[in-house]
Structure formats: C-alpha cells, structure tokens
Enquirer: 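Let me begin by handing over the structure; questions about it come next.
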Amino acid sequence: MVNDIQALLAQSDETVAALLEDGAQREDLFTIEHHLVGTDFTKLEKAAVELVKVGYHVDDADEFELDDGSRLFAFAAVCEVKLDNEVLRQQTQEVAKIADLAGVDYDGWGTFFGDADEEE
C-alpha cells in the first residue's frame, strides 16, 4: 500500500488555507486528527503502536461494515499544534510513512473549528 504523499501534502496546505480564510489564527492551538483506515485490524494496530512511539495520542479503532459485508477499521492519531504549514506537512509525511510501512491507508487530517454550539 502506498499513500499518495503529494496529494496528501496538497490537501494539508489547502486545509490550512481554508481555515485561515475562515478566520482561524495561526497562533492558536488546534486538535489535529490524522485519520488511518484499513481492512486488517492487525496492520492498523501496528500503525497505532508506531504513532504512539513518535508522540501521537491514538483513539480506539472503530469498526464499520460496508455495503458488501466487508469490514473496515479506522482510528485517529491526535496531537495539538498551531496552524503551521511546515509542521503539518512534516506530520503528514510522518504519518503517511508509518501508514505505508504498516500497510494501511492514511486519509489525511482534520480539525474542529468554530463554536461547537454553532448551528450550521
């Protein structure tokens, strides 16, 4: 399994730009969730162990059943950082490398922005 690092880096830069455009401040800390997914729980667990070793908090994996009856496992590797393109690009590369070595997909990162009580 090989994750497309160029696409992931572009997605990271686009996400930072969108957050800043929406009024986020670079100096604020954001909870970043790096999303990993795979069909083999053992491989996903291997990625989780490696991510903990390099400093991420790893959420418990969730299990999903797809329409075809197959199972999918996913978890988030969480950290807190400022909206710094270089830091987030470094993290994206680090997480993608670990995902590749473990044989799982890295689906990029996300964060929460705005008041949790705001209505959409």
Side-chain angles (χ1 to χ4, degrees):
M1 177 152 318
V2 177
N3 291 282
D4 184 346
I5 192 62
Q6 294 308 314
L8 289 164
L9 291 172
Q11 178 185 15
S12 179
D13 291 343
E14 290 166 7
T15 302
V16 170
L19 286 165
L20 293 172
E21 186 175 310
D22 285 345
Q25 301 298 309
R26 282 195 185 273
E27 62 274 2
D28 292 343
L29 281 178
F30 285 82
T31 300
I32 304 296
E33 294 183 350
H34 295 275
H35 302 280
L36 288 92
V37 63
T39 56
D40 183 330
F41 183 79
T42 302
K43 289 180 179 181
L44 199 67
E45 188 175 46
K46 178 181 175 184
V49 168
E50 294 305 315
L51 287 163
V52 168
K53 287 180 183 178
V54 294
Y56 294 90
H57 167 79
V58 174
D59 290 342
D60 290 337
D62 292 315
E63 181 179 358
F64 304 93
E65 185 171 334
L66 303 179
D67 292 339
D68 65 2
S70 63
R71 295 183 321 181
L72 195 64
F73 302 94
F75 73 86
V78 182
C79 63
E80 284 196 0
V81 298
K82 295 180 181 181
L83 288 181
D84 181 313
N85 285 71
E86 288 309 310
V87 169
L88 289 162
R89 287 174 68 86
Q90 177 190 13
Q91 285 187 354
T92 297
Q93 291 174 329
E94 178 177 57
V95 175
K97 180 179 180 181
I98 289 170
D100 284 343
L101 291 172
V104 298
D105 288 320
Y106 173 42
D107 195 31
W109 62 266
T111 190
F112 298 97
F113 178 62
D115 185 358
D117 296 329
E118 282 182 12
E119 289 189 40
E120 306 241 352

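Computed over heavy atoms, backbone and side chain alike; hydrogens, waters and symmetry mates excluded.
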Enquirer: From Leu83 CG over to Thr111 OG1, what is the distance, rounded to the nearest 0.5 angstrom?
Expert: 7.5 Å
Enquirer: Does any pair with a residue in residues 50-60 pass side chain to side chain donor-acceptor pair (under 3.5 Å), and if so which ones, sequence neighbours excluded?
Expert: Glu50-Lys53, Tyr56-Glu94, His57-Asp59
Enquirer: Hey, what else clusters with Leu9 if you join Ile, Leu, Val, Met, Phe, Trp, Tyr whenever side-chain heavy atoms sit under 4.5 Å?
Expert: Ile5
Enquirer: Does Val78 sit in a hydrophobic cluster with other residues, and if so which ones, taking ILVMFWY side chains as linked at heavy-atom separations under 4.5 Å, directly or through other members?
Expert: none
Enquirer: Taking only distance into account, with no hydrogens and no angle test, what donor-acceptor pairs under 3.5 Å do side-chain atoms of residues 16-23 form with protein atoms, sequence neighbours excluded?
Expert:
none

Enquirer: Check side-chain contact (heavy atoms from CB on, under 4.5 Å) between Ala74 and all other residues, then give those that pass, not counting sequence neighbours.
Expert: Val37, Phe64
Enquirer: Restricting to side chain to side chain donor-acceptor pair (under 3.5 Å), what partner residues turn up for Asp68, sequence neighbours left out?
Expert: Ser70
Enquirer: Using the side-chain contact (heavy atoms from CB on, under 4.5 Å) criterion, which residues pair with Glu63? Sequence neighbours excluded.
Expert: Arg71, Phe73
Enquirer: Strictly distance-based, threshold 3.5 Å: is any side-chain N or O of His34 a donor or acceptor partner for the main-chain N or O of Ile32?
Expert: no
Enquirer: Can you name the residues that form a side-chain contact (heavy atoms from CB on, under 4.5 Å) with Lys43, not counting sequence neighbours?
Expert: Asp40, Val104
Enquirer: Between Leu8 and Val95, is the side chain to side chain contact (heavy atoms under 4.5 Å, CB included) condition met? List the steps.
Expert: CA-CA 10 Å; Leu8 289 164; Val95 175; over 6 Å; no
Enquirer: For Glu86, give me all partners under side-chain contact (heavy atoms from CB on, under 4.5 Å), at least two apart in sequence or on another chain.
Expert: Asp84, Arg89
Enquirer: For Ser12, check side chain to side chain donor-acceptor pair (under 3.5 Å) against everything at least two apart and list the hits.
Expert: Trp109
Enquirer: Quick check: is Val87 connected to Phe30 through a chain of hydrophobic side chains (ILVMFWY, heavy atoms under 4.5 Å apart)?
Expert: yes
Enquirer: Would you confirm whether Asp13, through its side chain, and Asn85, through its main-chain N or O, come within 3.5 Å as a donor-acceptor pair?
Expert: no
